[in-house]
Amino acid sequence: MPEALSRSTSALAQAVAAVLHPSIPAEAGLSLDDVAGMLAPPKVKNAGDLAFGCFRLAKALRNAPPKIAAELADALPKGGIIKEAVATGPFLNLTIDLGAMASAVLPALARGLGEPVVTRDEKVMVEYSQPNTHKAFHVGHMRNVSLGDALVRLLRAHGHEVVAANYLGDVGAHIAKCLWWYLDMLTQDERTPPAEAKGEWLGELYAKANNQLAQWEDDAKAGDADAQAKLEQAKARTTEILLKLEARDPELTAVWKKTRQWSLEEFDEIYAWSKVVFDRVFYESEVDEPGLTLVQDYLEQGVFVESEGAVGIFNEEIKHMPFFMLRKRDGTSLYSTKDLALAKLKFEEYAIDRSIYVVDMRQSDHFKHVFLTLKKMGFEQAEQCHHVPYEMVELPEGAMSTRKGTVILFRALRERMLGHLEEAYLAKYRGDWSDEEIAQTAHALALGAIKYGMLNRDVNQKIVFDLEAWMNLEGNTGPYIQYSAARLGSILRKAQEAGKTLQAGLVDDPSTLAAAGATLEQPEERELMSALDGLAVAVHNAAEGLKPSTLCTYLHGLAKAVNRFSTSKACKVIDQEGDRLQGRLLLVTAANEALRWGLWQLGIPSPARM
RNA sequence: GCGUCCGUAGCUCAGUUGGAUAGAGCGCCGGCCUUCUAAGCCGGAUGCCGCAGGUUCGAAUCCUGCCGGGCGUGCCA
């Protein structure tokens, strides 16, 4: 029987609600689950382990919340799981029996949380990453990758079957610009890419092309006739390239395939390093023609209309910009054209029930149009399409700009982060640890720093990426949480070396479990147990709200509780014996599992030691 | 102009469906390494929650209006 990894109420709240619920007058109209949902750790200190706010009962019981709290405090049976019940104003504050608390919270974690099991009918596709080939991959792209991958993992933990999808931009104007530079501005020798990072090299060509065109455009506007001529010539050439590509010109198609492959290989390498896996990769090139076919069909059906030579639809529901263009005057497709075909393809190919798009916030209007248009095309599943917007990543000096050369490329980020980690933190282990372990640890920590940094913030907050600041791995960071897990791992390792291990079968034996749990009387232990109790609810909320940031906040709080425990002289594990040893080993085992599993739901691996 | 997002401590941000004394990280000041990792722990200072109304027993949270900033807004993706 797999434990539920995602729950709307905590294990402890459920156990307490089972006792509390019968004491609440039926007139209150609260179900057992309602009561469990209303139980939460108190927000003030020294008020017990769980609090029950009586506000919602006031109306039905025709009584003031403080009085209800007081009456409940009297009526509640003590001596079982509830050790003490005190009314403090409108709150009923409960102190829980330690053995019972440990029994409710720790076994499921200590057994190991394992792999997610499908418990929900709804099959979900999450589309994310969507990089363009022939362009560089930079830090901004990492926010999308981190977010999309975390959503895939969270939705799986939540019980959904999930298809992780990527959608590569391998057609369009940017390709023509890049190939123009590659073919016309480079000599034969210069057309040989470097051995590594061919995609990044292509991105440089694209940037050069783009910058040159922008420069000519500026100069032409300022009255420079020479620039005007060059600009027109270049535009004619890029259009020619684009048209030849669409016509499947053999020579150009061969160049396109070869260069495209360089980008694809680099993307694969980046994804592998980032530990993200896609079940399906869509390409713009595969939905281009189907999109145009759809546009033609629905134009003939009268759903779409012609306007100023272009084809589109007037979505009057979007008052500030009703026209949604689906085909350009020259008959070629747009982003929107392909999105129509892609949306249908997703549902047809995978029989999904919900389709999620992780795309930055600037495209919110675009997706409103896409979904609305699909609906008008008679595609009912449009209502199950959902855009998850997120704000941009910027640099301290402002938005990233290829033209100004202010982008931080992925490879530079990775190398700087790895180098910093090895020098500033891991150098002390050199010789002691194998080079391989040091490299693997640096890798895990770099992922922790980057992904946690990208996920910790709410999606509608901008992220200012200051590389130097991101090198500081203290405080509320991925490595801080990884560190707290590593210390727990260290405790378990040393305990084992001393021959002290968790007694086999303890988690399944109620009486020894309760006896061991009852020894966890230090404040640090109690707080840690309470924090651990919140894991499944944190996962539930993050998955339902599509907000990995809330899990980050939870894990940071859990890590703080762990570190208080780990540094407390009163909570030593190795020098203990008997029930207290077992209780602490159980707590450490559970916390270790919870932290590492929780981080992994964000796509962050935890090194065994650091 | 219209749409949308943001505005909370010096800085960067949390703040569950309205509920207890608004929290955390960074930075600053002061402590803690002879026993499970100092990437850590403990203590201290700092707030007209942008402004003004409204709803409510109760508002950082909900409603309205304003102010300031970002982004989007017909042939890019």
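These figures come from a predicted structure and were not determined experimentally. So that the names make sense, note that chain A is the first sequence line, chain B the second, and so on, each numbered from 1.
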* So, A:D533 versus A:S10: side-chain donor-acceptor pair below 3.5 Å or not? -> yes

* Structure fact -> Checking N1-N3 plus N6-O4 or O6-N4 for Watson-Crick, or N1-O2 and O6-N3 for wobble, each under 3.5 Å, the partner of B:rC76 is none

* Asked: Can you check whether A:K319 has a side-chain N or O nearer than 4.0 Å to OP1 or OP2 of B:rC2?
  -> no

* Calculate the interatomic distance between A:D34 atom CG and B:rU17 atom C1'; express it in whole Å. => 12 Å

* Asked: Would you say B:rC76 has OP1 or OP2 under 4.0 Å from some side-chain N or O of A:K328?
  -> yes

* To do: Identify the nucleotide, in any strand shown, that forms a Watson-Crick or G-U wobble pair with B:rC71, with both distances under 3.5 Å; if there is none, say none.
  => B:rG3

* **Integer angstrom distance from the C1' of B:rG30 to that of B:rA45** => 12 Å

* Among the nucleotides B:rA38, B:rC75, B:rG7, which one has an atom lying closest to any side-chain atom of A:R487? -> B:rA38

* Asked: In Watson-Crick or G-U wobble terms, both distances under 3.5 Å, what is the partner of B:rG43?
  -> B:rC29

* **B:rC48 - base-pair partner by Watson-Crick or wobble geometry, distances under 3.5 Å** => none

* **Polar side-chain atom of A:S307 near backbone of A:A310 as donor-acceptor pair, under 3.5 Å** => no

* Asked: For B:rU37, does either OP1 or OP2 sit under 4.0 Å from a side-chain N or O belonging to A:S490?
  -> yes

* **Presence of A:Y425 side-chain N/O under 4.0 Å of B:rA38 phosphate oxygens OP1/OP2** => no

* To do: Answer yes or no: does a side-chain N or O of A:N476 lie under 4.0 Å from OP1 or OP2 of B:rA24?
  => no

* **Close aromatic pair by centroid cut-off 6.0 Å: A:F324 and A:H366** => yes

* Watson-Crick or G-U wobble mate for B:rU17, both contacts under 3.5 Å -> none

* Structure fact -> Whichever of A:S549 and A:L426 has the more 5' nearest nucleotide on RNA chain B, that residue is A:S549

* Asked: Does any donor-acceptor pair link the side chain of A:S307 with the base of B:rG74 at a separation under 3.5 Å?
  -> yes

* Protein-nucleotide distance (A:L57, atom CG; B:rG19, atom C1'), rounded to Å -> 13 Å

* To do: Over all heavy atoms of both residues, which pair between A:S484 and A:L595 is shortest? Give the atoms and the distance, please.
  => OG-CD1, 3.4 Å

* Watson-Crick/G-U partner (both atom distances under 3.5 Å) of B:rU37 -> none

* Measure centre to centre between the rings of A:Y357 and A:F371, then say whether the value is under 6.0 Å. => yes

* A:N563 or A:C571: which one's nearest nucleotide on RNA chain B is closer to the 5' end? -> A:C571

* Asked: Quick one: is B:rC71 close enough that its OP1 or OP2 comes under 4.0 Å of any side-chain N or O from A:Q363?
  -> no

* Asked: Does B:rC33 adopt a syn or an anti glycosidic conformation, taking syn as a chi angle within 90° of 0?
  -> syn

* Of the nucleotides B:rG70, B:rU12, B:rA39, which has the atom closest to the A:R457 side chain? -> B:rU12

* **Atom-to-atom span, CG of A:D288 to P of B:rC76 - whole angstrom** => 14 Å

* **Gap between atoms CE and C1', on A:M321 and B:rU4 respectively (whole Å)** => 12 Å

* Asked: Does any donor-acceptor pair link the side chain of A:N93 with the base of B:rA20 at a separation under 3.5 Å?
  -> yes

* Considering just the side-chain nitrogens and oxygens of A:Q461, establish if one lies under 4.0 Å of OP1 or OP2 belonging to B:rG70. => no

* Asked: So, for A:E422 and A:A439, which heavy atoms are closest and what is the spacing to 0.1 Å?
  -> OE2-CA, 4.1 Å

* To do: Just compare B:rC2, B:rA39, B:rC75 and give me whichever is closest to any side-chain atom of A:H320.
  => B:rC2

* Roughly how far apart, to the nearest Å, are B:rA60 and B:rU16 at atom C1'? -> 14 Å

* d(NE2, A:H556; C1', B:rA39) in whole Å -> 12 Å

* Structure fact -> With the side chain defined as heavy atoms from C-beta on, A:R329 is closest, among B:rC75, B:rA77, B:rA20, to B:rC75

* Look at the side chain of A:R143 and the backbone N and O of A:E391, then say whether any donor-acceptor pair between them is shorter than 3.5 Å. => yes

